[in-house]
Amino acid sequence: MGKVKTRFAPSPTGYLHLGNARTAIFSYLFARHTGGDFVLRIEDTDRERSRKEYEDMLIEDLKWLGIEWDEFYRQSERFNIYKEYVDKLLAEGHAYPCFCSPEELEKEKEEAKKKGIPYRYSGKCRNLYPEKIEKLKNEGKPFTIRFKVPENKVIVFEDLIKGSIAINTDDFGDFIIVRSDGTPTYNFVVVVDDALMGITHVVRGEDHIPNTPKQILIYEALGFPVPKFVHLPVILGEDRSKLSKRHGAVSVRAYREEGYMPEALFNYLCLLGWSPPEEGREIFSKEELIEIFDLKDVNNSPAVFNREKLKWMNGVYIREVIPLDVLVDRAIPFLKKAGYDVSDRDYIKKVLSHTKDSFDTLSEMVERLKPFLVDEVQIEEEVWSFLEDSKVQEVLTLFLQKIEENKPESPEEVRKIAKEIQKTLKVKPPNVWKPLRIALTGELEGVGIDILIAVLPKEKIEKRIKKVLEKLA
RNA sequence: GCCCCCGUCGUCUAGCCUGGCCUAGGACGCCGGCCUUUCACGCCGGAAACGCGGGUUCAAAUCCCGCCGGGGGUGCCA
């Protein structure tokens, strides 16, 4: 096998979808694993639906995921190239102009449906006399260009994942390669580009299987070598239908904004339809994945996307994989957006070093870190009632004294103080921790109070406790 | 309707090619316990699957056939 070259060819009509992202990842991994090249090609031949903003976001999201390409193309800049090949097909009798209007075609389709027979273009314009074609063109009648598909021919190709696939040309019939506005369509440009760019392996979703025989016909008509095809099983939603907006957040962007680590998303997506040769491990860096990824380990059945597992994996990355400083850099924008003062980076870092075990996403982090960042805490009625215990005042007062004498700087020191209070006042641990928790956070659950007290500035601790004491008095 | 693809715990999967090592392994989630100042984290344990029916064979999750189920395609979208 010569040098491998794969591509990812999204159309800029929306955000980068998880399914497409996984296709991009597999395509990228396969190229890198074999030491080959990877191409990014924007498929924007449909001028109606393509938008530059989406292209920009697609690129941004791919970069965020850690995917890098060696070559970049935009199909809208290659129309003259496609024209050359359309002319070639026309000249050699592999294609012909079709003057049927969308309305006429619609009628044909409806009739076929009524009769219960599979629809195929009738071939009405297939054998028009050259004079007739000239006449219609001169009249300014709009036309498309269709590829002439041989009748009743079985196209067989070897898919690297699915195995041998055979489809009869009678199942589709003559298809359009140039729209009436003069722009070429997907099935045509994809062949010209893949051939010209030297793509050796066409890696894409299995929803493209029905397109493959059409494309093979074009490769042959144009005299191009046919590449290898790799059709990946699709990603499904919880209800086992193709993953779509109906299933909630399905764009890479959405997970990015939720506070997911790109490394975790990349890793998780790999496990959807692929499994590592070595059993028992699931956390892999991109470099390791490049090393071990092989198409032979790709599963051939569709996989259901599972948010819970992604979330778990993101937690693993946050608490075990991502270096603290990187985590801090990524956390700050989230905290800032929530309105917190993030000017003291060292403080944020200190907080995260103690708390990163307790959240799975950066959104959850914002909630979790609240007591470390707010100025004052609100204590709700139901929570306040827990403070109405005879010993609470004594506990808080004694604690305040100890803090004033010597502010503990580590959770261990805090626990030591708590033990002393337990001993002095003869109370059980919860009777010390619970009042402190409520006074300092206003909540009944959350991060370890020993951590909060060790990290929070002395003034804030005193302020919060005094406030409770005053109200209690 | 027609064409194509797929079918192991709820979910992702290992095993299937080269039948026996499978009383079917791992992970998420779930349940129980431990740790413990709470929620988490961590640790320990548990429930949980070969879609169905025929064959082939001494032996089938693994091979063959049929059925059923799911998905995709059927565009002047990609």
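Residue numbers start from 1 in every chain, and the chains themselves are labelled A, B, ... in the order their sequence lines are given, proteins ahead of strands. Because only heavy atoms are used, hydrogens play no part in the values below, and waters and symmetry mates are left out as well, while side chains stay in.
Considering only side-chain atoms of A:K309, the nucleotide from B:U37, B:C12, B:A78 that sits closest is B:C12. Ranking B:A40, B:C76, B:U37 by closeness to the A:S358 side chain, first place goes to B:A40. For A:E282, whose side chain is taken as the heavy atoms from C-beta onward, the closest listed nucleotide among B:C76, B:G72, B:G26 is B:G26. With B:U13, B:C28, B:G42 as the candidates, the nucleotide lying closest to the side chain of A:W312 is B:C28. Relative to the side chain of A:P430, the nucleotides B:U11, B:U37, B:A78 differ in distance, and B:U37 lies closest. Picking from B:U37, B:G75, B:G72 the nucleotide with the shortest atom distance to the side chain of A:R415 gives B:U37. Looking at the side chain of A:E320, the nearest of the listed nucleotides B:C28, B:C4, B:G42 is B:G42.
Note: NZ (A:K115) to C1' (B:C2) measures 16 Å, nearest angstrom. Between A:Y121 atom OH and B:G75 atom P the separation is 14 Å, expressed in whole Å.
The CG atom of A:L369 lies 10.0 Å from the CD atom of A:E367; values are rounded to the nearest 0.5 Å.
Salt bridge status for A:K311 with A:E258: absent, with no side-chain N to carboxylate O gap under 4.0 Å.
Applying the 3.5 Å distance criterion, the base of B:C76 shares a donor-acceptor pair with the side chain of A:S180. Side-chain to base pairing of A:N211 with B:A78: one donor and one acceptor N or O lie within less than 3.5 Å of each other.
Distance alone, capped at 3.5 Å, places no donor-acceptor pair between the A:E110 side chain and the A:K107 backbone.
Using a 4.0 Å heavy-atom cutoff across all strands shown, A:N168 reaches no nucleic acid atom at all.
Using C1' as the reference atom, B:A27 and B:A49 are 15 Å apart when rounded to the nearest Å.
The aromatic ring of A:W433 sits over the base of B:U37, with ring centres less than 5.5 Å apart and planes inclined by under 30°.
Judged by the 6.0 Å distance and 45° axis criteria, A:K109 is positioned over the aromatic ring of A:Y119.
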